[in-house]
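Heads up, the thing below is written out as structure tokens.
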Amino acid sequence: MTEPTQDQQDEMLDLLRRTHLWIDGMQTAGLDESIVVSAIHAALVERLLRAGGAEKAAQWLQAQATMTAQLGPAMIAEMRAQRR
């Protein structure tokens with residue numbers, strides 16, 4: 001896999017920011033965060049299955065789980081630091 005360009009990284013960060021705003025908006029409308037995140041996750045899994053089949057979807061999800069376990073504590077610390 002090739003590294004994303006700076007423009008692609010900027011686009012991903014902007015999309016991440018807008019996704020958080022979208023989730024915040026749904027919560028403001030009265031939806032529970034866990035329901036919103038579960039629905040988004042289900043849609044993601046459906047897209048992965050359509051794009052590459054079950055094996056590739058599972059491999060990608062497992063890689064994400066590994067990354068989350070490895071980088072999660074640092075990501076939490078960074079999120080907390082950004083709130084200050």
Side-chain angles (χ1 to χ4, degrees):
M1 183 175 175
T2 60
E3 291 295 317
T5 66
Q6 186 61 50
D7 285 345
Q8 290 170 326
Q9 289 178 19
D10 292 345
E11 187 175 355
M12 285 186 279
L13 288 173
D14 181 57
L15 182 57
L16 176 62
R17 180 189 61 77
R18 290 188 287 141
T19 301
H20 280 291
L21 291 173
W22 182 51
I23 292 169
D24 291 346
M26 286 188 275
Q27 286 183 268
T28 300
L31 294 171
D32 184 85
E33 183 176 33
S34 64
I35 292 171
V36 172
V37 172
S38 293
I40 292 169
H41 182 328
L44 169 67
V45 170
E46 289 173 359
R47 295 281 181 137
L48 290 168
L49 290 168
R50 277 188 267 176
E55 186 175 332
K56 284 187 178 182
Q59 288 171 354
W60 189 85
L61 289 164
Q62 287 169 348
Q64 293 300 303
T66 298
M67 182 189 74
T68 301
Q70 292 172 349
L71 302 178
M75 293 173 71
I76 291 169
E78 179 65 23
M79 287 184 286
R80 286 181 179 152
Q82 289 177 5
R83 287 186 184 157
R84 293 180 194 165

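Throughout, numbering of the chain's residues begins at 1 and tracks the sequence.
Here the CD-CG distance, from Gln27 to Asp32, works out to 7.5 Å after rounding to the nearest 0.5 Å. Note that CG of Asp24 is 8.0 Å distant from NE2 of His20, once rounded to the nearest 0.5 Å. Atoms CG and NE2, on Leu61 and His41 in that order, are 6.0 Å from each other to the nearest 0.5 Å. To the nearest 0.5 Å, the span separating CD on Gln64 from CG on Leu71 amounts to 10.0 Å.
In terms of modelled atom types and a separation under 3.5 Å, the side chain of Gln8 and the main chain of Thr5 share a donor-acceptor contact.
Every residue two or more places apart in sequence or in another chain that forms a side chain to side chain donor-acceptor pair (under 3.5 Å) with Gln59 is listed here: Glu55.
Environment of CE in Met67: crowded, with over 12 heavy atoms of neighbouring residues, nucleotides or ligands closer than 6.0 Å. Around CD of Glu33, the count of heavy atoms belonging to other residues, nucleotides or ligands within 6.0 Å does not exceed 12.
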Could you please spell out the steps behind the side-chain contact (heavy atoms from CB on, under 4.5 Å) verdict for Gln9 and Gln6? CA-CA 5 Å; Gln9 289 178 19; Gln6 186 61 50; 3.8 Å; yes
Dump the intermediate steps for side-chain contact (heavy atoms from CB on, under 4.5 Å) on Arg17 and Leu13, then the final yes or no. CA-CA 6 Å; Arg17 180 189 61 77; Leu13 288 173; over 6 Å; no
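There is a path of hydrophobic side-chain contacts, each under 4.5 Å, that joins Leu49 to Leu44. Residues Leu31 and Ile23 share a hydrophobic cluster, clusters being chains of Ile/Leu/Val/Met/Phe/Trp/Tyr side chains in contact below 4.5 Å. No chain of hydrophobic side-chain contacts below 4.5 Å, direct or via other Ile, Leu, Val, Met, Phe, Trp or Tyr residues, connects Leu15 to Trp22.
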